[in-house]
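If you're wondering where the values come from, they're calculated on a predicted model, not measured in any experiment. In what follows, every heavy atom counts, from backbone to side chain, and hydrogens, waters and symmetry copies are set aside.
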Amino acid sequence: MTKHIFITGGVVSSLGKGLTAASLGMLLEARGLAVRMQKLDPYLNIDPGTMSPYQHGEVYVLDDGSETDLDLGHYERFTKSPLSHNSSWTTGKIYLNVLRRERRGKYLGKTVQVIPHITNEIKRAIKSLRTQDADIIISEIGGTVGDIESLPFLESIRQFALDAGRENCLYLHLTLVPYLKASAELKTKPTQHSVGRLREIGIQPDILICRTEMPMSDAERSKIGLFCNLDVRNVIEEPDAEFSIYEVPITLHKQGLDQRVIDFFWNKTGGLPMQLIQPPDLTDWFGILDRLKNPKDTVKIAVVGKYAKHKDAYKSIYESLDHAGIKNSVKVKVTGIPSDELDLSKLDGIDGVLVPGGFGDRGIEGKIDAVRYVRENKIPFFGICLGMQCAVIEFARNVCGLSGAHSTEFDTSTAHPVITLMDEQRNVTDKGGTMRLGSQPAVLAADSRSAVCYGKLKIAERHRHRFEYNNAYREVLQKSGLLVAGTSPDGQLVEIVETAEHPWFVGVQFHPEFKSQPTNPHPLFDGFVAAAVRRKNQTTSP
């Protein structure tokens, strides 16, 4: 029978439940288990798609077009778990399903209540990931214990053990053990209170993971075990990562987390599957850490974006740059530069510039100025989504001489709308649901730089945008040197632009950062960082 792990958090938010869940999933996969992962978020939004990155970090997009929490990015970077719309649930999505069912009369006139109707819908969401080949489903509960919004989810996972059997449900609680400098000691009381709140609603954690700044003593670990009603072996220490988040799985493995999970589900009932007896093979992961800790060089990349002051807004981009750095054996030092405060002098000494996606007109001219600077100074450039559109606008204005060229997203009366709503490219008149989301196929030009990076001519990448390259300007732009390096299979939607008169100038309409992993960096990020390394070597050589 499929086993379930429920991950909750306490004391404070942002402790790293998503990273912990992803790390555990990776360790269990390394032991031969098929893992499925999901995030249950307590906010009322249907999904994060309409939320500001300042509120909730980046919106992570799946192949099926689902707009999800950034923690699903951790899941995909660390594991092979296939993710879909069933991997992301919010209170809003749960209530929407229940209300739709109520409107159709599916409750046969009963009064619709949080218990049992909302909790049953949450349990249905958890079960939606069950398949014949799924050994373990890891469900991360957003928020912290004590939040009123989280109560229906906590009640649901309490009930879940009654339905599935307590032996098939493991409760893992992540909490904070703060260090007080004044008294030079760790404080276990916040953890005790957090576990106490869980136990009040009927959930006894089986494993406790303690986030710490300082190492825990055996006495502190024993105290936590005693007051939280846990075997001391199930009190796991998770210190802050010293170099990278990719240390977390190794740290948890050394603490015995994956073995404790196996002991809970299998060893105590006997019949441990043969493939689980051997420890996981983490050779590749240790190799990643070795290259992170011992880079051969450092390159400087500037990310010029609207949300540059908030790192989580571009979480996957930063991670993808790190992945490419691992591949190229260099440390990528990223400088975030707000595009609405751009001072071009800040790009002095930079080895590469990346302009990411976004919505809204704030900082657009700063992005366009950054593109012009790197194009004219032959600095490697990578434009993603809106970043690619800014490259098209800049090229149209300053190379093609199309004064005032712009996107109709920002200037509906522009004389040269080089970027327009995608429906206008295909003569679609219904403007409802115009967002292009999820994995879309593309065909690359055989002689393009992108084709060399990918090593193939047919690709599929994830999208999240409404506006597109205007085909009415394709000929004039190409004649001036902005080449179309990739299109949709029907040739109607431009996916990639490049210019041959530059060491690395690539703009893509899609989001390659959503398909990069530390063990398998995205080809375009790999190529971009490699170009930055070449530039640095050229500018520093005698």
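Salt bridge Asp340/Arg362: present, at least one basic N to carboxylate O contact under 4.0 Å. A salt bridge links Arg31 and Asp258; the closest N-O separation between the charged side-chain nitrogens and carboxylate oxygens is under 4.0 Å. The pair Arg36-Asp133 meets the salt-bridge criterion, since a charged nitrogen lies less than 4.0 angstrom from a carboxylate oxygen. A salt bridge is defined here as a Lys NZ or Arg NE, NH1 or NH2 lying under 4.0 Å from an Asp or Glu carboxylate O, and Arg101 with Glu121 meets this definition.
Side-chain polar atoms of Asp526 and Asn328 form a donor-acceptor pair below 3.5 angstrom. Looking at Arg158 and Gln204, their side chains never bring a donor and an acceptor atom within 3.5 Å of each other. A side-chain donor-acceptor contact under 3.5 Å links Ser194 and His173. For Glu67 and Tyr60, the side-chain atoms include no donor-acceptor pair closer than 3.5 Å. Checked by atom type, the side-chain pair Thr119/Glu155 shows no donor-acceptor distance below 3.5 Å. Side-chain contact, Glu247 with Ser244: no donor N or O sits under 3.5 Å from an acceptor N or O. Counting only N and O atoms by type, the side chains of Glu149 and Thr91 include no donor and acceptor under 3.5 Å apart. Between the side chains of Ser88 and Thr68, no donor N or O sits under 3.5 Å from an acceptor N or O.
By the 4.5 Å heavy-atom criterion applied to side chains, Glu167 and Phe264 are not counted as neighbours. The shortest side-chain heavy-atom distance between Leu19 and Lys17 does not fall under the 4.5 Å cut-off. Looking only at side-chain heavy atoms (C-beta outward), Leu257 and His253 stay at 4.5 Å or farther from each other. With contacts defined as side-chain heavy-atom distances shorter than 4.5 Å, the pair Ile384/Val355 does not qualify. Between Ile236 and Leu252 the shortest side-chain heavy-atom distance falls below 4.5 Å. In this structure, Ser150 and Pro42 have side chains that are in contact, with non-hydrogen atoms separated by less than 4.5 Å. Looking at Met214 and Leu186, their side chains come closer than 4.5 Å, going by heavy atoms from C-beta outward. The shortest distance between side-chain heavy atoms of Lys306 and Tyr314 falls below 4.5 Å.
The ring of His511 has its center closer than 6.0 angstrom to the ring center of Phe514. Annotation: Tyr454 is in aromatic contact with His522 [ring centroid separation under 6.0 Å].
Going from atom OG1 of Thr2 over to atom CG of Leu129 covers 10.0 Å, rounded to the nearest 0.5 Å. Atoms CD1 and CG, on Ile262 and Leu170 in that order, are 11.5 Å from each other to the nearest 0.5 Å. If you take CD1 on Ile203 and OG1 on Thr8, they are separated by 7.0 Å, rounding to the nearest 0.5 Å.
Both the sub-6.0 Å distance and the 45° axial angle are not jointly satisfied by Lys39 relative to the ring of Tyr75.
In the displayed structure, Lys3 atom NZ is contacted under 6.0 Å by more than 12 heavy atoms of other residues, nucleotides or ligands. Around NZ of Lys293, the count of heavy atoms belonging to other residues, nucleotides or ligands within 6.0 Å exceeds 12. No more than 12 heavy atoms of other residues, nucleotides or ligands sit less than 6.0 Å from atom NZ of Lys80. Counting heavy-atom neighbours within 6.0 Å of Leu162 CG, excluding the residue itself, gives a total above 12.
The shortest non-hydrogen separation linking Ser81 to Glu29 is N-OE2, 3.3 Å. Residues Leu386 and Gly358 approach most closely at CD2-O, 3.5 Å, considering heavy atoms. Residues Ile157 and Tyr171 come closest through the heavy atom pair O-OH, 2.5 Å.
Without hydrogens or angle criteria, Ser217 side chain to Glu220 main chain gives a donor-acceptor distance under 3.5 Å. Side-chain N or O atoms of Thr90 include one that pairs as donor or acceptor with a backbone N or O of Lys93 at under 3.5 Å. Counting only distance, with no hydrogens or angles, the side chain of Glu140 and the backbone of Leu40 share no donor-acceptor pair below 3.5 Å. With hydrogens and angles ignored, the 3.5 Å screen pairs a side-chain donor or acceptor of Asn120 with a backbone N or O of Pro116. For the pair Ser87 (side chain) and Ser84 (backbone), a donor-acceptor distance under 3.5 Å is present. Side chain of Asp135 to backbone of Leu33: no donor-acceptor contact under 3.5 angstrom is found. The closest donor-acceptor contact from the side chain of Ser222 to the backbone of Ala219 lies at 3.5 Å or more, if one exists at all. Within the 3.5 Å criterion, the main-chain N or O of Ala164 finds a donor-acceptor partner in the side chain of Asn168. A distance-only check finds no donor-acceptor pair linking the side chain of Lys123 to the backbone of Asp163 [under 3.5 Å]. Using a distance-only test at 3.5 Å, with no hydrogens or angles considered, no donor-acceptor pair links the side chain of Asn234 to the main chain of Leu230.
The salt bridge (charged side-chain N to carboxylate O under 4.0 Å, His left out) pairs that include a residue from residues 50-66 are Asp63-Arg462, where partners are two or more places apart or lie in different chains. Applying the salt bridge (charged side-chain N to carboxylate O under 4.0 Å, His left out) test to pairs two or more places apart or on separate chains, those with a residue in residues 173-198 are Glu185-Lys187, Arg197-Glu200.
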Please step through side chain to side chain contact (heavy atoms under 4.5 Å, CB included) for the pair Phe382 and Ile301, ending with a clear verdict. CA-CA 10 Å; Phe382 193 11; Ile301 302 294; over 6 Å; no
Can Asp206 and Leu172 be said to form a side chain to side chain contact (heavy atoms under 4.5 Å, CB included), step by step? CA-CA 6 Å; Asp206 301 296; Leu172 187 154; over 6 Å; no
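For Val112, the side-chain contact (heavy atoms from CB on, under 4.5 Å) criterion is met by Val98, Glu102, Tyr107, His117, not counting sequence neighbours.
Between His323 and the choices Phe528, Tyr318, Tyr246, the ring pair (Phe, Tyr, Trp, His ring centres under 6.0 Å) rule is met once, by Tyr246.
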